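In this text the structure is predicted, and so the values were computed from the model without any measurement. When a ligand or atom number is given, it counts from 1 through the structure's own listing order.
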Amino acid sequence: MTESLFNRLGGVDGITRIANDVVDNHAVNKVVGVRFADIDLPKLKHAAATFFVSATGGPSDAYQGKDMLAAHRGMNISPSEFMAVLDDALLALEKNGIGQREREEVLYALYGLRSQVVAV
Ligand code: HEM
């Protein structure tokens with residue numbers, strides 16, 4: 001049986017490193033940086049890491065934040081902003097030496113959340 005995506009991404013430690021890098025990438029991304037200018041970044045990093053831990057097959061109670069619709073409702077996020085966030089995720093996966101299969105699985109899972117994030 002294939003190991004869970006959680007284990008293949010390096011468990012809590014590996015996923016935390018990736019999530020921290022994703023948020024750091026957002027902060028300097030020309031398309032979405034402005035969205036994160038006044039946000040508590042350490043808090044967002046913790047939320048992003050625990051969200052990913054739970055979403056990839058780690059402990060399901062790790063994530064204590066809002067669901068994706070509630071977290072992004074009223075922000076009027078555009079399709080290009082969504083793509084920019086996916087770009088940031090791919091960069092972070094590459095930086096952390098994650099293999100192609102896992103990169104594809106993460107990107108596909110993120111893409112699946114589009115309808116809960118864009119223009120909601
Ligand atoms: C699939 C893509 C995305 C995922 C998985 C995701 C995930 C998350 C998570 C887990 C939180 C924390 C919620 C909480 O603390 O309760 C969050 C907050 C946030 N997201 Fe996203 N997000 C995505 C796309 C986007 C996009 C495209 C933008 C805008 C460019 C965005 C902007 C924000 C902002 C600004 C917050 C912080 C809200 C606050 O603390 O007031 N997100 N997101």
Side-chain angles (χ1 to χ4, degrees):
M1 206 183 100
T2 312
E3 270 210 89
S4 68
L5 185 56
F6 170 76
N7 282 332
R8 287 181 284 133
L9 293 172
V12 171
D13 290 351
I15 289 174
T16 300
R17 277 194 296 274
I18 295 165
N20 286 345
D21 287 341
V22 174
V23 174
D24 284 339
N25 290 343
H26 291 346
V28 297
N29 184 313
K30 285 203 180 85
V31 179
V32 293
V34 64
R35 293 278 193 180
F36 299 92
D38 295 320
I39 297 292
D40 180 343
L41 293 183
K43 185 166 165 259
L44 183 60
K45 285 178 177 177
H46 177 75
T50 52
F51 178 79
F52 245 81
V53 164
S54 294
T56 54
S60 57
D61 61 353
Y63 182 62
Q64 304 278 329
K66 297 175 187 161
D67 64 60
M68 290 303 95
L69 197 53
H72 302 95
R73 189 179 280 133
M75 288 176 56
N76 200 22
I77 292 171
S78 71
S80 40
E81 286 181 303
F82 185 76
M83 279 309 298
V85 159
L86 262 52
D87 289 341
D88 288 343
L90 183 55
L91 279 175
L93 292 163
E94 286 169 350
K95 183 184 166 198
N96 285 276
I98 301 301
Q100 170 154 351
R101 175 166 176 181
E102 285 71 29
R103 283 185 254 159
E104 289 172 359
E105 286 180 44
V106 171
L107 265 286
Y108 190 76
L110 289 175
Y111 190 79
L113 297 169
R114 189 184 189 282
S115 65
Q116 298 171 53
V117 172
V118 173
V120 290

Practice item. Only counting residues at least two apart or in another chain, list the ones meeting side chain to side chain contact (heavy atoms under 4.5 Å, CB included) with R73. Key: L69
Review point. Judged by modelled atom types alone, do D87 and N29 share a side-chain donor-acceptor pair under 3.5 Å?
Key: no
Practice item. Flag the pair F82 / L86 as yes when at least one side-chain heavy-atom distance between them is below 4.5 Å, and no otherwise. Key: yes
Practice item. Without swapping roles, check the side chain of E81 against the backbone of S78 for a donor-acceptor pair under 3.5 Å. Key: yes
Check your understanding: Under 3.5 Å, is there a donor-acceptor pair between the side chain of S60 and the main chain of S54?
Key -> no
Point to revise | Partner of Q100 under side-chain hydrogen bond (donor to acceptor under 3.5 Å, both in side chains), chosen from R103, E102, E104 | key: E104
Point to revise | Within the 4.0 Å heavy-atom sphere of ligand 1, strictly under, residues | key: V32, R35, F36, I39, L44, A47, F51, Y63, G65, K66, M68, A71, H72, M75, I77, E81, F82, V85, L110, L113, V117
